[in-house]
Structures are given as structure tokens and as C-alpha cells.
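To start, the structure itself, in C-alpha cells.
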Protein chains: 2
Amino acid sequence: MTRSTIHDVARVARVSLSTVDRVLNDRNRVRPATRARVEEAVRALGYVRNAAAANLSRQRRFRFLFVLPAGANSFMRNLEREVVAYARSLAAEGVEAEVRLVPPFDGEALFRELDALTPGAFDGTAFVAVDSPAVRRAVARLQAADLGVVTLVSDLPADLRAHFIGIDNIRAGRTAARLLGGFCGDRAGRIAVVAGAMRVNDHAERYAGFRQVLAQDFPHLEALPPVEALDDAGRAETRLAALLDATEDVVGIYSLGAGNRGVVAALGRRDPAPPVVVHELTEHSRRWLLEGRIDAVIRQDPAREARAALRTLLALSQGKPFDRDENRVGIEIFLRDNLP
Amino acid sequence: MTRSTIHDVARVARVSLSTVDRVLNDRNRVRPATRARVEEAVRALGYVRNAAAANLSRQRRFRFLFVLPAGANSFMRNLEREVVAYARSLAAEGVEAEVRLVPPFDGEALFRELDALTPGAFDGTAFVAVDSPAVRRAVARLQAADLGVVTLVSDLPADLRAHFIGIDNIRAGRTAARLLGGFCGDRAGRIAVVAGAMRVNDHAERYAGFRQVLAQDFPHLEALPPVEALDDAGRAETRLAALLDATEDVVGIYSLGAGNRGVVAALGRRDPAPPVVVHELTEHSRRWLLEGRIDAVIRQDPAREARAALRTLLALSQGKPFDRDENRVGIEIFLRDNLP
DNA sequence: CGAAAAATGAGGTACGTTGGTCAAAACGCG
DNA sequence: CGCGTTTTGACCAACGTACCTCATTTTTCG
């Protein structure tokens, strides 16, 4: 039961190979009647184009540029690794990805990379968005030049119509609240929140979602204003410790950005330990989970994000049909028992 | 910067195409000195074989048989759909998968399918294991005949060395206990457990893991012996209702198999509603989650499992190098806020 | 009806690899 | 050195599709 080819289609439709080719690739004029015959044959045979052969023949290559934040952020380093790995596995389909690192949270640096992008060199780009007018202009220019543009992890305003690959951070915050609310049971009190910087969109959104659920479903719990740690563990520790000392009724902790090391340090051996929910799975958070120092980790899977971004860019570059669902990135919850 | 080909390798190594081919595909004798020259050229050029062209040429096809339980179990139906879908997307690499359905929990039926398998017709098989001596014999025979054998979702004893694609069901049960234990807070009492059939390994393992965590970390909770529903919602409802009527102190429900519809029906509008954790995400469980009738869903992603199974079979059939991590299936937790 | 225009067919080359055949060259050994 | 044996090179036909040219048929319309 070998797969049918354009030769089979031609035979069944009683036309020549050339005509099948013209229909399939929408070349020059073909009479509607003939076109219908070919399409009918395609349907009858269940013909699907052999993508490998097609790419081989047309010798098409897809070059994509990924611009990611440099630095020690382990989520980003994982993401980088996954991009490289998945690009390699798509090599047979003509995909090549180049990764460039820029200083984190630096709109100017990101803009320079995007601005230097010429349509000749790349077919599309994916980057962790920092929102700034210059970046928006660069994106508009790239889209006008018909390059695929994908924002990764952190988004830009939707009207730019770049595709976004990442989680819904409002729902991530809601999920954290649901977990923490459940774990707190009937205990009433307040929740300490540690953030990176509220001026980053994803952190602000997580906090908003977190408060939504507390207000609606756990009215006996209240979120304190976030401690801003700026991804700095020392700062997180000092400020959180101060907050805990100053506040009697803290019944839970939500850490929605980086700097978890400081959070755990600040908790030290306070007793009783309140339930703790943090973001991102690292070797540290994994160990703390196993040791029972934290109770749950929420994360987005960098492997899925890398794959989704590459598949999206590929879909944008060639035809288009591309599966929104397949490219959705989930909000994952880890307890100590379901660690990967 | 177009990719290098065997032609380039031949030129750089100053040998003919044939010799490059002989080295690359380990054909007949090549003098060590020549082989070294070719390998050096490969390294220098960073040559990697164009897999698309190779498969195109060698016209190798891989036929795999999937044996899945028939019936309304929606996890299995999703799995079936994903297998078909992913097989289609691997069609360019020569993969074809056939799915056959057998009565669920029926070792005899499974055995008959496996036993009828001849090495000529298929290159490998994946199936949801029902453990029985006959099935074990059939698996041994298939492996002796050098067919790839993969157990899916439910495993056989490991010494048979079939690859297993699915979640660690002990840990899935532990995860359920951790969640339910957390949600029960300080309330003491017993947990009602609803299973499909304890003679399928996965259900027995989930129950075991569930009890481990309760015993260790939630000593005020006790798991009742499982109600066996055999994937039948009506039966689940009747039995669970009877159990709830007969037992005063049920503070939580764990449904570890199919038949969730019955579980929810049995709970009806009992008040207060105990926390409920179930397995598998379906349109029903999704709705119940949103309505607050159940509190958490644990699932294994059928799409991932389908992909992992096919990739594993493919790896077994051809060379081998295959990524254990990439093919791991996670234990996912869904609350109403992080539904996909 | 006949000419121009449109549609279709026939056939070729190419993509990178596989897997042959056969002849030529290099090698090993007595 | 000459023999047989190994190793190597040169060539070719696939695989399924793309894309090209040129000839031939069919359609359209004045």
C-alpha cells in the first residue's frame, strides 16, 4: 500500500504530469474543468505531497534568527539549548536557526539586532520582546518586508500581529492562587508576593491573575503588595525577611519571578512554614520541592516553546496552514511527585 | 552558505563519490587510510547527511501496528487520533501506522492480535499492555523476531525489555495524593477510590502510589479499597453512591481510571462536596473543573505519548540513537485556571 | 470557417542520496 | 616481476517533486 504520487494523480485524472503540477502549484492557467478533474483525483487517491522530495527539489532553505537575553537566567539558557536542538532535527526540512544573545531587558540592544535584519539573510525571527517604540518600528518594518515575526515568552501589543509563543501569564497567576488557596485550607491571612520587576509585563500579569482568584474564590486570603527583587536573590532575601518580620499573619508565599534562592533563604527555618509556590523549574527549585521547602512550581516548558516558535516561523515562511493548538504552550504544575 | 554534500566530501577527500558512500554507509572494505581521509573531510566540512534525500532514495518504509482498547474511553480515543495524526506527519519519512482495536482489559484478545503478527507485515508494534502469560509469550516471540515492541500507557514487567511509553503510574498516584492531601488541609477521614480494574498494572500502581503518600505525609487520611468500575460510568455511579452512603467520613475522592461521569453523578449535590481528583482530561472533566465539581485533573498527554511511541518504534527499526528525555511523558496537573 | 489564443502534453534537468555494475588501479606476495 | 586480490573510480538508475521549454491540441471568437 505504497503512497500515491503525482504520477498516480496524473494517471487517474487522465492528464499529464505537467498539468498536475500546474494545478498543485497554482502556476499558469488551467481550465476549471481540468482543474476539477485533478482535484478530484487528488481527493480520491488521498494524495499528499511528499514534503521531503519537494524541499529537496526546490532546494529551499529557511533561515531563522532567534534573539534571546544573555545572562545566567536558566530558563533562557534552556530555551536556547532547545532551539538549537529542535532546529537540528528540522535540518532535513531545510531549516537553519541562528541564535544571538543580547543584554536582557535592553530594548535598545534588541532593536539594533532586529533593525540589522535584512530579508535576504533570514526568513523570519523570534525574540523575547522588550516593549519600546524602536522595537515596535523594527517589527513593523520586518512584517512589511514579509518576514515572519514571532514574540517569545514576553509579548508585544497584539495589534502588531506578531505571533506570540508563550504562556498566558494572567492564567499562570490564577493557577498559583488556586494552588496556594487550596493549600491554605481554611486558614485566613495574607500572602507575601515576590516579583522580579513589576514593569515587566509578564510579572504584572501574574500578579493581577493571582489577585483575581484570591478575591473571587478565597476571600479570607489577601495578597500583599509585591516585593520587587529585580532578579537578585540577596535583595529578595532581605526584603522578604523584613516583610515577614513585620507581618504577623502571612499564611503563604508566591514568588512569581526569578530570585527564588533568596525566597527560600528568607524562609529559613521559620516554623510553621507557610505553603510556597514559585515559578520556573531549575535544579534549585527541584531540590527544594523534594526537600519540602517549597510546595509547587509553575513553569512553561522551554522545549515546547522552542518547537512552537520554529514551527510557527516555518509555517509563516512557506504556505501557512498551521495548528494553533499544537503550538500552544501549557502552564505546567509540578509537585515533588511529578517532577520530570 | 549552502550545506555541504557528499560531492563536497569526495572533492575535499580526493576520493570518488563511491568511496564516500562506502565509508558513510559502512559498506564493503575500504582501506583505513582512505577511510580516515573521508572522515577528516566530513569533519572539516561539517557534513551531515540530508535525511530527506536519503529516505527518498532508499525508499524504506516503516510499518507499525498499534493495538488499543476499543470502547468509549475518551483517553484511548484521543490517543488513537494522535497516533494517526502523527503517523501522517511522519509519512515523509516513510512511516505508516495501522491501529487495531481490541476489547479493553482482555488479555486473550490482545494476545490474539500480537500472536498473528508476522515480521514481514510490520516493523514494530505498540500496545496497551494487559498482563497475562500468553501476552508475555507473544512479546518474547516478537522480540526474538527482532520486531520493535513498545508498551503504551500500561506496562509489562520490565524484564521483558519492551520499551514503555507512558507515565510512571506510581508517581501519578503519589501526585494525586499530594494534591488531595493538600486540599483536605487538616480534616481527617477517608478517601474513596474509584478504579477501572485493578488487574491492569497502571491502576494498581496508581493506587499503590496514592497510599504511599497518604501513609507517609498525611497520616490523618486513609484510602478505602478501590471501587472497580471497569470503565463503565453506570457501574461507577452505583457502587460509589453505595459506598458514600455506607461511609460517614469520606473527605476526598480519587478516581484513577475511566468512568468519571459516574463519579460526578454519584457525588450529585452532596453537601459539603469533598475535594475530587480524577485522571484524564476530556470535555467532561474540563467542564466539571470549570464548574468546580472537581478540583484537579491529572493526565498524561496523549499527543506526547503517540509521538513518543512512534519515534521509539522508528528508532528501534532503524539505527537506534534515541533520546530518552525527549520521549519522556510527563504527569500533568490541571486546575481550572491552567486548562489548555 | 479559420486564425489567434489558450490549454495541455511531452520531455528534459535538477535536488542529494542509495545501491548497484563493471572496469581500472593499487596492492600484496611468492 | 607477474599474479591474483583488494581497493577504488566512473557511471547509471532510481526516489518524488519542481520548474523549464517547446510542440501540439483544443477552444474561442470574429
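Everything quoted here is computed from the prediction, not taken from an experiment. Every chain is numbered from 1, with letters handed out A, B, ... down the list of sequences.
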Less than 4.0 angstrom from a charged side-chain N to a carboxylate O is my criterion; do A:Arg304 and B:Glu332 meet it?
yes
Can you measure A:Arg27 atom CZ to D:dT17 atom P for me and round it to whole angstrom units?
13 Å
Nucleotide-resolved protein contact map, nucleotides 4-10 of chain D, B/S/- at heavy-atom distance under 4.0 Å:
---BBBB
Of the options D:dT17, C:dT17, C:dT18, whose atoms approach the side-chain atoms of A:Arg49 most closely?
D:dT17
Any residue meeting salt bridge (Lys or Arg N to Asp or Glu O under 4.0 Å) with B:Glu305, in chain and number order, not counting sequence neighbours:
none
Does B:Ala53 offer a backbone N or O that forms a donor-acceptor pair with the side chain of B:Ser57 under 3.5 Å?
no
Tell me the interatomic distance from A:Arg58, atom CZ, to D:dA18, atom P, rounded to whole angstroms.
5 Å
Given atom CG of A:Asn50 and atom P of C:dC15, what is their separation to the nearest angstrom?
18 Å
Quickly work out the B:Arg11 CZ to C:dG16 P distance and round it to whole Å.
12 Å
Basic-acidic side-chain contact under 4.0 Å: B:Asp115, B:Arg137:
no
Carboxylate-amine/guanidinium contact A:Arg37 A:Glu40, below 4.0 Å:
no
On the nucleotide C:dT18, are OP1 or OP2 found under 4.0 Å from the side-chain N or O atoms that B:Asn25 carries?
yes
Could you work out which one of C:dC15, D:dT17, D:dC15 sits closest to the side chain of B:Leu56?
D:dC15
When rounded to whole Å, the CG to C1' distance for the pair A:Asp26 and D:dA18 reads 14 Å
Measure the distance from CD1 on B:Ile6 to P on C:dG19 and round it to the nearest whole Å.
11 Å
May I have the distance from B:Asp21 (atom CG) to D:dC11 (atom P), rounded to whole angstrom?
17 Å
For B:Gly71 against B:Arg77, the heavy-atom pair lying closest together
O-NH1, 2.5 Å
